[in-house]
Amino acid sequence: MAVKKITEAAAGLWGVPKDVMMDTPHISLSADREVYVENHKGLVALDERRIVLASKAGEIVISGEKLGINRMTCEQILIEGFIKSVEFRGIYKKEGKNVK
């Protein structure tokens, strides 16, 4: 936990966004048509109704209709289609304990 607090403090001091310093996902929505995710760790599942991404904080599940990947790099992805939901799931750390 001390490392996390130091990293958060450094981010604030240097004016760097916390998601960049801590390697957590940053998600931007453009209405219900696009989802842009930075700091993902890879593609877990893909079909036109659901796309699942791995991240340091767990899985990110994008659900909708006619979903597809417009652009993807090792850390960024742009998903297009009719977005219905963005959900976080998986194991998260809280004070050294796993929380499901």
Side-chain angles (χ1 to χ4, degrees):
M1 272 305 170
V3 173
K4 180 180 178 185
K5 289 182 181 183
I6 291 169
T7 303
E8 287 177 352
L13 180 66
W14 296 328
V16 177
K18 287 181 184 178
D19 58 318
V20 172
M21 288 287 291
M22 300 184 68
D23 199 27
T24 57
H26 180 97
I27 301 170
S28 301
L29 293 169
S30 182
D32 64 345
R33 300 299 171 132
E34 291 182 342
V35 177
Y36 180 69
V37 182
E38 295 177 277
N39 295 334
H40 72 85
K41 300 298 179 195
L43 192 59
V44 176
L46 168 68
D47 64 43
E48 68 175 24
R49 300 187 89 200
R50 185 177 69 115
I51 296 176
V52 182
L53 303 172
S55 81
K56 187 174 180 181
E59 291 183 337
I60 303 165
V61 181
I62 296 102
S63 300
E65 301 290 331
K66 299 182 181 177
L67 299 178
I69 297 172
N70 177 299
R71 198 172 37 217
M72 182 176 175
T73 68
C74 61
E75 292 185 351
Q76 302 171 348
I77 188 168
L78 176 61
I79 297 167
E80 295 180 331
F82 298 96
I83 312 301
K84 290 188 178 177
S85 68
V86 177
E87 175 187 356
F88 297 92
R89 69 177 183 198
I91 298 175
Y92 298 88
K93 296 274 185 176
K94 183 176 181 179
E95 297 181 16
K97 298 178 183 176
N98 289 340
V99 178
K100 290 188 180 185

Can [Y] be reached from [X] by stepping across I, L, V, M, F, W or Y side chains whose heavy atoms are under 4.5 Å apart?
X   : Y   : result
L29 : I62 : yes
F82 : V37 : no
Y36 : I79 : no
L78 : L43 : no

_Given 3.5 Å as the limit, does a donor-acceptor pair link the side chain of T73 with the main chain of Q76, or not?_
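Yes; judged by distance alone, with no hydrogens or angles, the pair exists.
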*Polar side-chain atom of N39 near backbone of T24 as donor-acceptor pair, under 3.5 Å*: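 Judged by distance alone, yes, a pair lies under 3.5 Å.
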Nearest-0.5 Å distance, [atom1] of residue [X] to [atom2] of residue [Y]:
X   : Y   : atom1 : atom2 : result
I51 : L53 : CD1   : CG    : 7.0 Å
E75 : K41 : CD    : NZ    : 5.5 Å
R50 : S85 : CZ    : OG    : 10.5 Å
K66 : E80 : NZ    : CD    : 13.5 Å
K84 : R49 : NZ    : CZ    : 6.0 Å

*asked:* Does L67 form a side-chain contact (heavy atoms from CB on, under 4.5 Å) with V35? I'd like the steps, not just the answer.
replied: CA-CA 10 Å; L67 299 178; V35 177; over 6 Å; no
_pair I60-F88: side-chain heavy atoms closer than 4.5 Å_ =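 The answer is yes, as the side chains (C-beta and beyond) meet within the 4.5 Å cut-off.
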*Might you point out which heavy atoms bring I83 and E34 nearest each other, and give the distance in Å?*
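Closest heavy-atom pair between I83 and E34: CG1-N, 4.0 Å.
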